[in-house]
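These numbers come from the heavy atoms of this one structure, side chains and all, not from hydrogens, waters or symmetry mates. Below, chain A is the first sequence line, B the second, and so on; all start at residue 1. As the structure is a prediction and not an experimental result, all values here were calculated from the model.
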2 protein chains.
Amino acid sequence: MITNNFYSQENVGPFEVYNLGDFELEEGGIIPDLKLAYNTHGELNSTKDNVIVIPTWFSGTSKDYETYIGVDRAINPNEYFIIVINQIGNGVSSSPHNSPEPIAMANFPKVRIGDDVRAQHKFITEKYGIKEIALVVGGSMGAQQTYEWAVRYPDMVKRAAPIAGTAKNTVHDFLFTKTLNDAITSDPGWNGGNYSTHLEVADGLKRHADIWAVLGLSTEFYSQEKWKLFGVDSVEVFTEGFLQPLFQSLDPNSLLTMGWKWQRGDVSRNTGGNLEEALGRIKAKVFVMPINEDMFFPVRDCEAEQKLIPNSELKVINSICGHFGLFGGEGADYHNQIDDYLNELLAINVVEPILE
Amino acid sequence: MITNNFYSQENVGPFEVYNLGDFELEEGGIIPDLKLAYNTHGELNSTKDNVIVIPTWFSGTSKDYETYIGVDRAINPNEYFIIVINQIGNGVSSSPHNSPEPIAMANFPKVRIGDDVRAQHKFITEKYGIKEIALVVGGSMGAQQTYEWAVRYPDMVKRAAPIAGTAKNTVHDFLFTKTLNDAITSDPGWNGGNYSTHLEVADGLKRHADIWAVLGLSTEFYSQEKWKLFGVDSVEVFTEGFLQPLFQSLDPNSLLTMGWKWQRGDVSRNTGGNLEEALGRIKAKVFVMPINEDMFFPVRDCEAEQKLIPNSELKVINSICGHFGLFGGEGADYHNQIDDYLNELLAINVVEPILE
């Protein structure tokens, strides 16, 4: 096991850990004593029907959603019991660098979105006896998990809001993620996954960050010098002083575990490859929420999926930050859009059976 | 000097070579005996006013424009004297791998778009006595050179059609090109530019190709499986059987020379950094021709420049292939758009002084 302070509670905020025991994976093999790190906000009510589940995105942790949660927000801890769950491999939950043998580092198994959602389901049903989820919401890979929740547990999920992500990963995104992965694995310091510290992979992580700089934002973000939103005054400081150090602080194998998983996110695995059938299973009221300037989850890709979901609406979020709009750098300009849509969604009564 | 058959006349079509002698560069230093490789179509008329100049794009050669030229096309050799000029460093004109010491390989100097255009000007005035150009047209880095021609020699250039490129490179494109460059230089086989064959840089060139696969096409290209346009039946064959071998056949230092140049293309270098003033100098009738699905020269970036050009119009080319629409994979669907706009442009009388 390798120490990486990025994933400490001092840095990513308080979390608790639930031990799921030995967990079988879709790709075969098990994670012994699978540990999900999570944090909660608010209280579970007596009818256990005020639950919001939020899965994390690529490179992210439960901390990233702090700005989405508040008493003045749609995701309101005075009303809801909010469970933010770190995805497997994200560096906080069971991950290559924090797992003992036989699954340490390069030996960490392949994990799929379906594994995450089954693990999350087991966790919240076992620990809290939850039978109904008012809302599953998440961005990017969090959206992948949101879709998987809605398809896999249609009677349990009442509402779903996938933000800036797809139910079935696109070919374009597969290729994009490949460049991110290759930036890391091409660094001799990565050493097949058996480095002794993530610092040995600093060059690869820097190139990884540089690719994010191109696809993660938008052309207009740069044209309008919107790096100022991140509190920096030049593009050099934004890329070299912010993005590069951010990704260089992460664990390479963790990013690769998530990258592999992201590439293969696909709810149609539940229906023998039939996406229409998979999305047709969803009983939740769904707001599909792409970001207008997203370069790799474009609105049209998300809209094509939305049209296959029976009780759904397309709600486009405007952010010049593109995919990284998820970070909330625009403050209220971004979060108010999220809140307005989520308030609208949460106000919709979906207790009765949905007529198609 | 290194042998690379990609750049042979058997492969890139017939070309002639003009030796410009010692050529001073904007960044300092000289290229001794600068050689421009070019080919021509049609005949120079007696009034020497039927000239079309076409500069090459990144990674490209004069061969790439063959499909743009024909007796049934706007660029018609029965009417025009067409000079296709390989940019400096492209592997055919003077380039790192084909130059002797003191500028061989890693010692090849930094070259700018302004150097190319000054060299091309010297070449066509010296060799042919040309004083007027009916049209400068080029795609991508060819567009950069087209803009430079129109700004630098406003009385000489009557018409200009920059396709899928900008007059001043954007910050976003600088970052994109950086990832392309880094894919090569991160390969230990590159060896600071002193490899003994480009085959030693195969891994870096492969990653370079993979980044092109993400940005060079469009999300919709992949959604609609348009790789079929390139005569292949799967995305794997498109990326691994077409794009990767294509870029792996090129010279790494050549790509880096062009990449450095592309990053810094900027006509406002002629006016102390004032882009409005630079573009305001243009006397040519200009059709600014971005591609609608281009991921890194988006229409809005090109339109912003078009608005600064006195006698100009925005003519958007539709191509699901994005930037690689330039390759003409869509055949007539693409080339007919180009021809319609160029025919319209060439029919405009710009002999008289332009009233602003």
Side-chain angles (χ1 to χ4, degrees), chain A residues 166 168-189 203-204 206-227 234-236 238-240 243-244 290 293-305 322, chain B residues 166 168-189 203-204 206-227 234-236 238-240 243-244 290 293-305 322:
Chain A
T166 48
K168 177 175 179 168
N169 199 41
T170 65
V171 171
H172 181 265
D173 272 24
F174 187 97
L175 296 174
F176 164 44
T177 312
K178 180 175 190 295
T179 68
L180 292 171
N181 296 343
D182 288 352
I184 293 171
T185 59
S186 61
D187 187 334
D203 286 350
K206 183 168 74 175
R207 293 197 297 276
H208 179 99
D210 287 349
I211 295 173
W212 272 115
V214 178
L215 273 298
L217 290 303
S218 76
T219 60
E220 203 63 12
F221 173 87
Y222 291 104
S223 292
Q224 296 187 26
E225 305 188 352
K226 289 293 185 180
W227 47 77
S234 76
V235 66
E236 289 78 16
F238 178 65
T239 53
E240 296 164 26
L243 290 179
Q244 288 176 8
E293 289 280 358
D294 199 315
M295 292 188 75
F296 54 95
F297 290 119
V299 171
R300 57 193 176 192
D301 283 354
C302 298
E303 185 174 15
E305 294 186 335
Chain B
T166 48
K168 176 175 179 169
N169 199 40
T170 65
V171 171
H172 182 265
D173 272 24
F174 188 97
L175 296 174
F176 165 45
T177 313
K178 180 175 190 296
T179 67
L180 293 170
N181 296 343
D182 288 352
I184 294 170
T185 58
S186 61
D187 186 334
D203 286 349
K206 184 167 72 174
R207 293 196 297 275
H208 178 99
D210 287 348
I211 296 174
W212 272 115
V214 178
L215 273 298
L217 289 304
S218 75
T219 60
E220 204 62 12
F221 173 87
Y222 291 103
S223 293
Q224 296 187 27
E225 304 189 351
K226 288 294 185 181
W227 47 78
S234 75
V235 65
E236 289 77 17
F238 178 66
T239 53
E240 296 165 25
L243 291 179
Q244 289 176 7
E293 289 280 358
D294 199 315
M295 291 189 75
F296 53 95
F297 289 119
V299 172
R300 57 192 176 192
D301 283 354
C302 298
E303 185 174 15
E305 294 185 335

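For the residue pair B:V171 and A:Y222, the shortest heavy atom distance occurs at CG1-CD2, 3.7 Å.
Using a 4.5 Å cut-off between heavy atoms, B:W227 touches chain A through its side chain atoms alone. Both the backbone and the side chain of A:E220 have a heavy atom closer than 4.5 Å to some heavy atom of chain B.
Atoms CZ and CD1, on A:F176 and B:I211 in that order, are 10.5 Å from each other to the nearest 0.5 Å. Residue B:D210 holds its CG atom at 11.0 Å from CG of A:N181, rounded to the nearest 0.5 Å. Rounding to the nearest 0.5 angstrom, the gap separating the CE atom in A:M295 from the NE2 atom in B:H172 is 4.0 Å. In this structure, OG1 in A:T239 is found 9.5 Å from CZ in B:F174, a value given to the nearest 0.5 Å.
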task = Tell me, with the steps shown, if A:S223 and B:D301 meet side-chain hydrogen bond (donor to acceptor under 3.5 Å, both in side chains).
result = CA-CA 8 Å; A:S223 292; B:D301 283 354; 3.2 Å; yes
task = Kindly indicate, with the supporting measurements, whether the criterion side-chain contact (heavy atoms from CB on, under 4.5 Å) is fulfilled by A:T179 and B:T179.
result = CA-CA 10 Å; A:T179 68; B:T179 67; over 6 Å; no
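Side chain to side chain, A:R300 and B:T219 meet the donor-acceptor criterion of an N or O pair below 3.5 Å.
Ranked by non-hydrogen atom pairs under 4.5 Å with chain B, the options A:L215, A:T170, A:D203 are led by A:L215. For the set A:P188, A:S186, A:P298, A:G204, the count of heavy-atom pairs under 4.5 angstrom toward chain B peaks at A:S186.
Counting only heavy atoms from C-beta outward, the side chains of A:V235 and B:L175 approach each other to under 4.5 Å.
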